[in-house]
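I have placed the structure first, in the form of structure tokens, so that the comments after it can refer back to it.
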Amino acid sequence: MNDLSPPTGGGCRNTPILKERGQREVFCGLTGIIWLHRKMQDAFFLVVGSRTCAHLLQSAAGVMIFAEPRFGTAILEETDLAGMVDAHAELDREVARLLERRPDIRQLFLVGSCPSEVIKLDLATAAERLTKVYAPNVRVLNFSGSGIETTFTQGEDACLASMVPVLPESNERQLLVAGALPDVVEDQMMGLFEQLGIGPVKLLPARNIDNNTTVGPNTVYALTQPFLGDTAAALDRRGARQIAAPFPFGEEGTTAWLAAIAEEFGVDRDLFDQVTAAPRARARKAIAQAAENLNGKSVFFMPDSQLEVPLARFLTRECDMTAVEVGSPYIHDTIHGPDLELIPAGPTISEGQDVDKQLDRVRNARPDLTVCGLGLANPLEAEGLSTKWAIELVFTPVHFYEQAGDLAGLFSRPLRRKSKLSLEAA
Ligand code: SF4
């Protein structure tokens, strides 16, 4: 079913990985709440944290709130630390007030953060205690969005992983798709599955708790995001089996992802070609238009979003770019292997970060485009390098065929802007 041919000269799956541990420049996992609260319409994310956490959420997400928000912060002051019993009692009071005011909440996530006082609070026990009080109307779970040793996409991973142990058991042969997608993109994906005759399809996260997401030994699952390592491990523990595939970015990645699932469900090759032919052609055309100024250019990925490996595959194979370095916070062969296999050999593959050493490599290579976090983009721009903020890739719909042109466009825009500025300056 999958007609992707590996690159000549071998891919990067067996390339030795440069592992670095040092100072890192990343956002914390609370960031995930910004897209998760929009996706899960009956959920509320109560961050147990400091004023810094509250500021991060307000400034990053506050502007997007049109109605009652689905997140908030219970701020722990130093005085709350006088006794942990008081802190638990205060949390219980906050939750009671919230649930009384908001009967629409069916799933409440207590989200831990990194101030040391919060780390000392046992939120798992608090979630269990509160679940007993509010079941069956409200399910209370907990996860950590702490910025210590995490990247910003790990918040979603931790959130989804916290949901897996409480999913109802099912022995049904079914597909579970894990990873939060914008509704419009999710609808496109479900439309493709329907046309291919693949089902039943369950979603994690679902738009609300009644959507009947189940899991069991006859569940096979596919990830839509490459940062869901803990979620995958939790699904494995429930007996589900992962379908290994490149991620659905670009025409080629989407086709390979769908083909791996179609093969698992015994979909006829002719039907697969018939269903995918038109969207594939549209995607190829859109990429060709958007990627015109990417052809032949070099790209350097600094580790940030954990999307780096599949995006390097997309840019090298579908936009004709050359990767200098593909850095990712974590690289797991079971998750990233299929994409690494398709990246033409040549780039350094690095895991983790020692930011000064990596910046030296960027300055030496002077790539046409550097994909990095917000904190590094401005200094690099000041040195005359074009950059792309990795965080935008998570906030913009980029999966599947219909978004493939937009995905290429996200990378070509900074280069177009730069050549425009150079022309004007000339
Ligand atoms: Fe800052 Fe930690 Fe709160 Fe994130 S969780 S905003 S890193 S204090």
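The residues of the chain are indexed from 1 along the displayed sequence. Each ligand, and each atom within it, is numbered from 1 in the order the structure gives. For the numbers below, each heavy atom of this structure counts, side chains included, while hydrogens, waters and symmetry mates do not.
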Task: Short N/O/S contact of C28 with atom 4 (Fe) of ligand 1 (below 2.8 Å) - done: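 For C28, the answer is yes, given that an N, O or S atom comes within less than 2.8 Å of atom 4 (Fe) of ligand 1.
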Open item on the list: Any donor-acceptor pair under 3.5 Å linking the side-chain atoms of D42 with those of Q107?
Closed with: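 There is such a pair between these side chains.
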Open item on the list: Testing the 3.5 Å rule here: is there a donor-acceptor pair between the side chains of Q225 and T153?
Closed with: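 Absent: no donor and acceptor within the cut-off.
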For [atom], find the nearest protein heavy atom and state the residue, atom name and distance (0.1 Å precision).
atom	answer
atom 6 (S) of ligand 1	C53 CA, 3.6 Å
atom 8 (S) of ligand 1	C114 SG, 3.5 Å
atom 1 (Fe) of ligand 1	T52 CG2, 3.9 Å
atom 5 (S) of ligand 1	S113 CB, 3.5 Å

Open item on the list: Closer than 3.5 angstrom, by distance alone: can the side chain of Q289 be matched with the main-chain N or O of G405 as a donor-acceptor pair?
Closed with: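 Not confirmed, Q289 side chain does not pair with G405 backbone.
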- [ ] Start with the C-alpha distance between T214 and Q174, add both sets of side-chain angles, then the distance that settles side-chain hydrogen bond (donor to acceptor under 3.5 Å, both in side chains), and finish with yes or no.
- [x] CA-CA 9 Å; T214 54; Q174 60 179 4; 3.1 Å; yes
Open item on the list: Measuring from atom CD of E264 to atom OH of Y221, what distance do you get when rounded to the nearest 0.5 angstrom?
Closed with: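 Reported to 0.5 Å precision, the distance equals 12.0 Å.
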